[in-house]
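What follows is a set of notes on a single structure, which appears directly below.
All values below were derived from every heavy atom in this structure, side-chain atoms included, with hydrogens, water molecules and symmetry-related copies excluded. Protein chains get the first letters and strands the later ones, always in sequence-line order, with residue 1 at the start of each. Everything quoted here is computed from the prediction, not taken from an experiment.
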Amino acid sequence: MKLFEYQGKILFNNYGINTPKSVIVESLDNLEENLANISYPSMVKVQVLEGGRGKAGGIKGADSPLEAANLAKGMLGKAFKSSTVTALLVEEKVDLVEEYYLAITLDSESRMPVIIFSKSGGIDIEDIAMNNPEEIIKVLIDPLIGLKNFHLDNLAKKADIKDNEIKKQLAEIVRALYKLYVDYDAMLVEINPLMKLRDNTLIAADAKVEIDDSAVFRHADLLDWNIRMPLSQFERMAQQVNFLYIDINDNGNVGVISNGSGMLMSCIDWIARQGGQVSCALDLGGGATAERVAQGIKIINENPNVKTILISIFGGITRCNEIAEGIIKAYDEISPVPIVARLDGTNKEQGLELLLDANREGINIAYSLKDAADKVLKASE
Amino acid sequence: MKLFEYQGKILFNNYGINTPKSVIVESLDNLEENLANISYPSMVKVQVLEGGRGKAGGIKGADSPLEAANLAKGMLGKAFKSSTVTALLVEEKVDLVEEYYLAITLDSESRMPVIIFSKSGGIDIEDIAMNNPEEIIKVLIDPLIGLKNFHLDNLAKKADIKDNEIKKQLAEIVRALYKLYVDYDAMLVEINPLMKLRDNTLIAADAKVEIDDSAVFRHADLLDWNIRMPLSQFERMAQQVNFLYIDINDNGNVGVISNGSGMLMSCIDWIARQGGQVSCALDLGGGATAERVAQGIKIINENPNVKTILISIFGGITRCNEIAEGIIKAYDEISPVPIVARLDGTNKEQGLELLLDANREGINIAYSLKDAADKVLKASE
Amino acid sequence: MSILIDKSTRLLVQGITGREGHFHTARMLEYGSNVVAGVTPGKGGTQIEGVPVFDSVEEAIKETKAKAAVLFVPPKFTYGALLESMAAGIKLVVTIAEGVPIKDMRQIFHLNRAMDDVFVVGPNSFGVISPGKAKAGFMDHNIYIEGPVGLMSRSATNSYETVNEMTKQGIGQSTCIGIGGDVIPGSSFSKFLPLFEQDEQTKAIVMIGEIGGVDEEFAAEYIKNNVSKPVIAYIAGRNAPKGKKMGHAGAIISASGAGSAQNKIAALSAAGVQIAESPAHVVELLKKVL
Amino acid sequence: MSILIDKSTRLLVQGITGREGHFHTARMLEYGSNVVAGVTPGKGGTQIEGVPVFDSVEEAIKETKAKAAVLFVPPKFTYGALLESMAAGIKLVVTIAEGVPIKDMRQIFHLNRAMDDVFVVGPNSFGVISPGKAKAGFMDHNIYIEGPVGLMSRSATNSYETVNEMTKQGIGQSTCIGIGGDVIPGSSFSKFLPLFEQDEQTKAIVMIGEIGGVDEEFAAEYIKNNVSKPVIAYIAGRNAPKGKKMGHAGAIISASGAGSAQNKIAALSAAGVQIAESPAHVVELLKKVL
């Protein structure tokens with residue numbers, strides 16, 4: 001679960017990390033009154049999860065509440081990139097002298113949290129990581145040790161931060177951010193830029209927070225935000241019934257349904273190898289019932305790009321007879337695009353028997369992944 | 001550092017562990033007013049660090065504030081066992097149905113905190129540990145895991161606690177006590193008895209808390225209590241200059257000074273083997289200066305039981321010349337009881353030379369531990 | 001031989017009284033697994049399929065000398081159940097649950113460094129099976145036959161696919177391990193490679209990896225220096241969208257290219273591992289080395 | 001041979017700019033120890049006795065490839081310094097400080113379970129010396145001579161006493177280790193016994209224990225099953241008052257008798273260890289086995 005900038009900043013403030021003074025605009029009611037709560041000039045920022053907002057015109061300066069209000073009216077509720085703007089963050093402009101980068105995420109080698117810092121923050125941080133990797137400081141935190149003073153000293157030393165006041169502020173921010181990262185089951189907490197202002201204070205000018213989806217359940221405040229998160233139509237449909245839906249390729253025309261992401265990936269690989277393109281994929285997870293299989297097919301079939309559906313199952317905890325019943329049910333209820341079904345594993349025989357007995361014209365049976373990929377391509381022609 | 005019962009109970013209350021309603025009496029001013037803050041009957045308890053207060057008459061019942069006041073007047077400021085009573089705890093009497101035992105300390109095998117519980121608490125807990133060890137439940141807490149629900153479930157299961165309400169309360173108390181144990185650098189936290197009352201609630205009727213002396217410095221509240229702790233005259237003198245003083249044997253007549261507890265123990269062993277008895281011991285620690293050595297001798301010499309002082313040093317970080325200078329200084333300043341000095345290790349030669357040159361009658365030089373023990377016994381005759 | 005489990009392994013089932021726990025206990029018993037105990041707090045004293053149920057792992061171990069555990073508990077209780085088993089002295093813990101919080105597994109992973117004789121398999125694992133001997137998990141055991149191939153897989157479905165193909169062609173398995181596709185599996189390829197290398201029954205090793213993480217790269221490093229047996233690897237996700245989350249949160253391709261299928265294949269190839277193009281291709285390659 | 005340290009061991013001194021750190025750095029250099037770096041936060045860039053000082057252990061390791069550390073830091077900073085060294089990859093950490101909080105050492109002890117190639121010696125240790133080669137600590141090195149006896153002691157003074165007697169009689173030492181008398185030493189007898197058993201130079205092992213704790217009992221168990229070399233033990237505190245605290249908080253006799261001198265002597269005797277009555281007696285017994 002990715003948080004909006006303003007949500008991340010609410011968490012930052014709760015943990016004592018300073019952000020520019022701001023108001024959140026979620027409706028045009030009392031707009032000018034709301035906007036009068038901060039000083040100007042300020043920045044009006046659309047709240048969407050996509051990156052590159054600035055370049056795409058999603059961040060604009062305003063010299064007065066009136067100007068901010070006009071900007072807000074032109075932004076709120078409008079489309080921005082692939083999202084609809086449901087909120088704006090209007091922040092006082094700050095007087096910066098430097099832009100740092102600070103993030104905490106999981107290091108996949110050591111499986112420890114890693115603090116990433118650079119004195120060269122800002123929008124070009126990825127180029128810097130690529131071309132000047134020595135400007136990126138990494139400090140691993142062994143969870144058995146926890147974040148200690150020596151980590152913070154090492155960070156400041158490696159980053160060559162000499163100003164004691166900045167060192168102290170940075171240490172406090174890293175401590176707070178680490179605590180937030182751990183407390184909130186974060187996958188990523190990122191401040192880019194972490195601005196050094198003319199008055200020698202550090203302030204978080206942006207906030208990227210991503211939470212482990214598996215752990216959202218234990219954070220009541222996130223659960224509340226989660227249900228208001230923007231999703232595509234299909235993602236929303238899938239989420240409502242607890243499936244994982246993924247858009248794969250805008251040019252694809254095959255929808256893939258399977259019972260596990262490994263199999264999904266293999267299906268995508270096979271279709272690509274045979275010369276096809278997958279549009280989207282849906283993971284049923286383990287142990288799906290006939291009813292749920294039918295639901296999954298209905299969601300994928302809603303995607304107008306999908307011309308064929310491949311259902312590839314290798315049943316362990318999932319039973320093939322349930323899959324077959326679900327396919328037939330969906331077929332009879334909504335007459336979807338052609339389906340290629342490939343069933344193996346638990347109760348495979350019953351499943352195949354059900355499909356053969358049903359003998360529906362649009363349901364093709366395949367006997368291996370390659371066979372399935374071939375039949376899908378033929379059906380999509 | 002051992003805490004008084006009332007101090008332990010203040011910590012318990014801070015951690016949410018219930019104790020009987022009480023008042024603390026530290027002076028006779030406003031005595032009756034103070035005692036009127038609780039209901040009667042109540043128990044008046046002397047606050048000393050020795051055990052066995054009840055049997056020795058240090059815990060008495062009072063049916064009214066007046067009766068409590070009379071008891072207080074007879075107890076406060078008076079001698080009790082080897083202490084002077086500086087405080088009383090007057091507690092409302094509770095209606096108990098069972099007495100449990102609960103403690104957390106360090107398990108010396110695993111070096112993990114261990115929770116010790118018994119449904120057969122009370123004054124006979126040591127007999128129970130000896131004769132019915134199966135009634136003592138132990139649960140180890142791996143510090144890498146911390147206290148988890150399964151530990152509490154295991155404890156209740158092993159103790160065969162079936163009442164869900166008691167199980168829940170016990171779990172809460174164990175959680176709180178464990179947190180206190182960890183937060184406060186405790187060596188021991190003990191509730192004996194942990195009373196189950198007629199209304200099915202658990203209450204800590206006593207409190208024994210012992211803190212790691214090396215960690216007292218990081219607990220401001222304990223530092224404040226620490227300076228008010230009762231110490232013997234010699235302990236107080238030693239503590240003021242940061243030596244460790246220990247009473248060994250009431251019948252002994254040798255005072256031992258050394259630079260480390262291992263050497264102290266070896267000296268005590270040698271003197272015992274040669275047929276003598278040590279009265280008290282003082283550990284100079286490492287690296288003592290002449291000035292401090294002289295201070296140490298003066299303290300030991302104050303003890304009227306001491307007829308001879310053995311100073312046994314094996315210098316590592318400690319230098320023998322400093323020791324010799326300190327001995328001569330003390331000798332010249334206070335003419336102490338006869339001293340046997342045995343010096344080895346760092347700067348041994350300079351030390352011996354200083355003593356030989358000084359040629360004081362009451363300073364005998366020994367050349368091994370056995371030799372020292374022999375000379376001590378001869379000097380004590 | 002086989003590794004991790006066999007007929008004699010004294011197995012306990014955490015969450016035995018749940019729907020899945022009960023169902024798969026029956027199937028494990030049917031397969032010959034030595035299920036000696038179940039654990040569900042509050043259900044101690046009952047029986048499931050003739051297996052005694054205890055309130056705690058500690059009690060179950062005391063009464064039955066169980067050495068391995070398989071967890072059929074919901075993801076939100078997995079952390080507590082894992083800690084309980086590890087603290088009680090269980091040496092193999094197999095975790096089925098999908099959706100265990102990453103922070104929980106991070107703690108388990110690092111705790112495991114202090115208990116290096118403990119094998120944590122999963123979460124999000126189909127389990128462990130030594131065909132013809134015993135299984136701890138929910139895989140359809142009918143597709144497995146006893147034989148010389150040791151298999152480890154991050155994906156359940158791809159491993160079934162591969163095993164099925166092997167069995168069809170008469171190639172059996174010594175032990176198959178579902179590593180699970182999570183960001184932080186309790187144990188990965190490298191932890192099992194030494195066991196397969198030492199196991200007499202195992203003549204060849206199959207690794208089924210996927211994009212994300214660096215476990216395949218670590219395995220390559222280990223294989224280069226320590227493994228003499230032939231190793232065949234299949235890496236899923238060559239055509240998965242970059243940066244998209246594929247349910248297995250592990251399947252995130254990092255920006256730098258580390259964790260990509262290309263990287264993994266290059267590292268494994270350099271270590272002398274043969275790369276299969278598909279589950280079916282694994283079997284073709286196996287035929288050449290057996 | 002010797003164990004833990006020799007002339008080639010690249011040693012760093014934490015707290016090198018303090019009074020004790022500076023003084024003993026000079027003495028260690030004089031003795032031949034390969035002190036390559038010092039660490040004092042904020043003092044990086046300076047030199048002590050020609051040894052470069054760094055702000056952090058990580059930096060010192062990067063620049064000097066230091067592998068072992070000796071800590072001359074106050075007890076309240078010991079925990080942080082130990083964690084810093086361990087996290088940075090130091091494999092031998094010797095801690096001199098007396099009065100390190102027990103909770104801090106409890107954390108270190110359990111963290112060490114996850115880093116089992118790291119040896120933590122102390123706190124409250126005189127250090128480690130391999131006579132004629134190198135030392136890391138503050139012991140008076142003049143009393144040591146090179147030879148065949150490996151020695152471990154919970155008490156500094158009793159070990160000096162014993163070594164002095166040995167040296168006077170011409171019996172040298174391979175390596176002497178100050179375990180420290182604290183309630184929780186970083187490492188105890190059992191952790192070093194395998195090293196002495198394997199060390200070619202070491203022909204006999206001397207253990208100097210004292211009342212309190214069960215480390216002597218653990219050592220007895222290990223010796224019984226794994227040590228072929230002769231072991232001689234001296235246990236101080238037979239006449240120490242029961243339950244009295246002797247500065248070494250470890251020297252508390254538990255109520256049950258475990259941890260008493262009697263218990264320890266019985267366990268060691270049963271393991272074939274010879275029990276000396278005094279430091280001098282250790283040497284008499286040594287003469288018979290060498």
Side-chain angles (χ1 to χ4, degrees), chain A residues 106 108-109 111-113 126 129-130 142-144 181-187 212-218 244 246-249 258-273 277-278 281 283 285-287 312-319 344-348 368-370, chain C residues 20 24 75-76 96 98-104 106-107 109-111 113-114 126 137-140 142-143 153-161 164-165 181 183-184 208 210-214 217-218 236-241 244-249 251 254-256 258-259 277-280:
Chain A
L106 185 78
S108 53
E109 282 194 36
R111 261 117 198 186
M112 295 178 186
E126 289 191 22
M130 193 70 79
D142 184 337
L144 298 183
Y181 173 84
V182 173
D183 288 354
Y184 271 89
D185 284 281
M187 309 277 289
D212 174 11
D213 288 325
S214 298
V216 170
F217 74 90
R218 51 188 173 199
L244 182 72
I246 313 143
D247 279 312
I248 305 290
N249 190 320
S258 186
N259 60 330
S261 67
M263 177 66 87
L264 278 180
M265 283 193 275
S266 289
C267 290
I268 296 166
D269 288 348
W270 264 111
I271 289 169
R273 188 172 316 140
Q277 291 267 34
V278 172
D283 189 347
S312 179
I313 301 294
F314 206 109
I317 207 160
T318 305
R319 292 162 206 160
D344 219 325
T346 308
N347 297 354
K348 167 188 181 176
S368 73
L369 268 183
K370 181 173 179 304
Chain C
E20 295 295 330
H24 287 289
K76 68 167 77 171
I96 302 306
E98 197 174 338
V100 177
I102 294 169
K103 182 168 74 180
D104 297 354
R106 191 179 71 213
Q107 292 303 109
F109 180 87
H110 291 286
L111 172 63
R113 290 162 48 204
F126 58 78
F138 67 73
M139 71 294 284
D140 175 12
N142 295 309
I143 63 170
S153 177
R154 288 174 66 187
S155 150
T157 42
N158 281 326
S159 92
Y160 300 156
E161 190 76 30
N164 196 44
E165 202 65 35
V183 172
I184 307 184
I208 301 177
E210 58 191 37
I211 51 174
V214 290
E217 286 84 340
F218 278 166
R238 295 189 197 199
N239 299 282
K244 274 274 163 64
K245 196 169 165 188
M246 295 296 289
H248 291 170
S254 86
S256 70
E277 299 294 314
S278 67

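Rounded to the nearest 0.5 Å, atoms OG1 (A:T346) and CZ (C:F138) are 9.0 Å apart. Interatomic distance, A:T318 OG1 to C:D140 CG, rounded to the nearest 0.5 Å: 11.0 Å. Of the inter-residue distances, the one linking A:M265 atom CE with C:S155 atom OG reads 7.0 Å to the nearest 0.5 angstrom. Rounding to the nearest 0.5 angstrom, the gap separating the CG atom in A:N259 from the OH atom in C:Y160 is 8.0 Å.
Looking at C:I143, only its side chain comes within 4.5 Å of chain A, counting heavy atoms on both sides. In this structure, the portion of C:F109 lying under 4.5 Å from any heavy atom of chain A is its side chain and not its backbone. Contact annotation for A:V182: both backbone and side-chain heavy atoms come within less than 4.5 Å of a heavy atom of chain C.
Put simply, the side chain of A:P143 reaches to within 4.5 Å of the side chain of C:R106, judged on heavy atoms. C:I102 places a side-chain heavy atom less than 4.5 Å from the side chain of A:M187. With contacts defined as side-chain heavy-atom distances shorter than 4.5 Å, the pair A:L106/C:I184 qualifies.
When each of A:M112, A:R218, A:R273 is scored by its heavy-atom pairs under 4.5 Å with chain C, the top score falls to A:R218. Taking chain C as the reference chain and counting heavy-atom pairs below 4.5 Å, the highest number among A:V216, A:D142, A:I271 is found for A:D142. For the options C:Q107, C:M139, C:H24, C:K76, heavy-atom pairs under 4.5 Å to chain A are most numerous at C:K76.
Of all heavy-atom pairs between C:R113 and A:L144, the closest is NH1-CD1, 3.8 Å. Nearest approach of C:N158 to A:S266, heavy atoms of both residues: OD1-OG, 2.5 Å. Heavy atoms only, all atoms of each residue included: A:D269 and C:G237 are closest at OD2-N, 2.8 Å. The nearest pair of heavy atoms linking A:M263 to C:E161 is CE-OE1, 3.4 Å. Closest approach of C:P101 and A:S214 over heavy atoms only: CG-O, 3.6 Å. In plain terms, the two heavy atoms of C:E210 and A:G262 that are nearest each other are OE1-CA, 4.0 Å.
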Practice task
Walk me through it: do A:L369 and C:E165 pass the test side chain to side chain contact (heavy atoms under 4.5 Å, CB included)?
Solution key: CA-CA 11 Å; A:L369 268 183; C:E165 202 65 35; over 6 Å; no
